[in-house]
Amino acid sequence: MKTQSYKNHVRFYPPHHFVYYPILIVFMLFAIYFAFTTAEKLLWGFITVIFIFLFCLAFMLRQHYALILQNRIVKLELRYRYFVLTGTRFETIEYKFTEDQLFAFRFASDTEFLSLIDRALAENLSGDAIKQAIVNWKGDYNRV
């Protein structure tokens with residue numbers, strides 16, 4: 001994998017993004033087409049609803065479980081890094097940040113981690129602004 005930065009940190013899962021979803025979308029489009037062009041409108045309408053349901057369900061479940069677990073792990077990592085660098089618990093100030101801000105901190109190197117936390121508190125930086133402010137990007141190559 002290439003060295004990670006702000007511009008390339010989005011990750012795709014090829015079997016899902018480039019195989020399963022395109023096939024499901026094609027089937028769904030055929031079902032919609034047949035729902036409007038055949039005599040069995042009710043049957044094809046029902047099949048279309050099933051494909052739409054499968055599409056939504058697959059997307060939600062794949063993302064939901066992995067992201068909840070990942071979010072917990074990232075928060076634990078941030079708490080650990082903060083404790084190692086300061087000797088105090090991160091929970092004392094963690095509540096002041098949104099999840100978007102917290103998850104952006106994970107890309108900061110240890111040398112700029114604490115200064116970014118202070119700057120985010122002082123300037124109320126968004127998660128995207130925190131990511132853009134990182135000079136020494138610390139890649140997260142294991143995320144979902």
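Quick caveat, the model's predicted, so the values are computed rather than measured.
- Contact annotation: the side chain of Asn124 approaches that of Gln101 to within less than 4.5 Å [non-hydrogen atoms, C-beta and beyond].
- Nearest heavy-atom pair across Leu78 and Phe105 is CD2-CB, 3.8 Å.
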Take Asn8 and Gln4, measure what side chain to side chain donor-acceptor pair (under 3.5 Å) needs, and give me the verdict at the end.
CA-CA 6 Å; Asn8 71 356; Gln4 204 176 82; 5.8 Å; no
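- Between the CG atom in Leu67 and the CE atom in Met60 there is a gap of 13.5 Å [rounded to 0.5 Å].
- More than 12 heavy atoms of other shown residues, nucleotides or ligands fall within 6.0 angstrom of atom CZ in Phe51.
- When all heavy atoms are compared, the tightest approach of Leu54 to Leu24 is C-CD2, 3.9 Å.
- The cluster map of Ile, Leu, Val, Met, Phe, Trp and Tyr, joined by side-chain heavy atoms under 4.5 Å apart, puts Ile73 and Tyr141 in different clusters.
- Linking ILVMFWY residues whenever their side-chain heavy atoms come closer than 4.5 Å, directly or via other members, places Phe103 and Tyr6 in the same cluster.
- With hydrogens and angles ignored, the 3.5 Å screen pairs a side-chain donor or acceptor of Thr92 with a backbone N or O of Arg89.
- Hydrophobic clustering (side-chain heavy atoms under 4.5 Å, transitive across Ile, Leu, Val, Met, Phe, Trp, Tyr) keeps Phe83 apart from Leu76.
- A single hydrophobic cluster is not seen to contain both Leu61 and Ile68; linkage of ILVMFWY side chains at heavy-atom distances under 4.5 Å, directly or through other members, places them apart.
- The CZ atom of Arg106 sits 11.5 Å away from atom CD1 of Ile130, with the distance rounded to the nearest 0.5 Å.
- A tilted orientation is assigned to the rings of Phe90 and Tyr82, their planes being inclined by 30° to 60°.
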Give the C-alpha distance, both sets of side-chain angles, the deciding distance and a yes or no for side-chain contact (heavy atoms from CB on, under 4.5 Å) between Arg79 and Glu94.
CA-CA 9 Å; Arg79 290 172 183 166; Glu94 182 181 350; 2.8 Å; yes
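- Ring-plane geometry between Phe34 and Trp44 is classed as tilted, the angle between the planes lying from 30 to 60 degrees on a 0 to 90 degree scale.
- No more than 12 heavy atoms of other residues, nucleotides or ligands sit less than 6.0 Å from atom OH of Tyr80.
- Nearest heavy-atom pair, Ile134 versus Glu112, reported as atom, atom and distance to 0.1 Å: CG2-OE2, 3.4 Å.
- For the pairing with Phe46, the side-chain contact (heavy atoms from CB on, under 4.5 Å) check across Ile50, Thr48, Leu42 returns one residue only, Ile50.
- Of the inter-residue distances, the one linking Ile23 atom CD1 with Phe27 atom CZ reads 6.5 Å to the nearest 0.5 angstrom.
- Phe55 is connected to Ile52 through a chain of hydrophobic side-chain contacts under 4.5 Å among Ile, Leu, Val, Met, Phe, Trp and Tyr, so both are in one cluster.
- Atom OG of Ser5 and atom CG of Asn136 lie 12.5 Å apart (nearest 0.5 Å).
- For the residue pair Lys138 and Glu77, the shortest heavy atom distance occurs at NZ-OE2, 3.3 Å.
- Seen from the ring of Phe113, Arg81 counts as a face-on cation partner, given the 6.0 Å and 45° thresholds.
- The two atoms that bring Ala104 and Gly127 nearest to each other are CB-O, 3.2 Å, heavy atoms only.
- To the nearest 0.5 angstrom, Asn71 atom CG is 9.5 Å from Leu102 atom CG.
- Summarising the geometry, atom CD1 belonging to Ile47 is positioned 12.0 Å from atom CD1 belonging to Ile32; distances are rounded to the nearest 0.5 Å.
- Minimum interatomic distance between Ile93 and Ile117 (heavy atoms only, all atoms of both residues): CD1-CG2, 3.8 Å.
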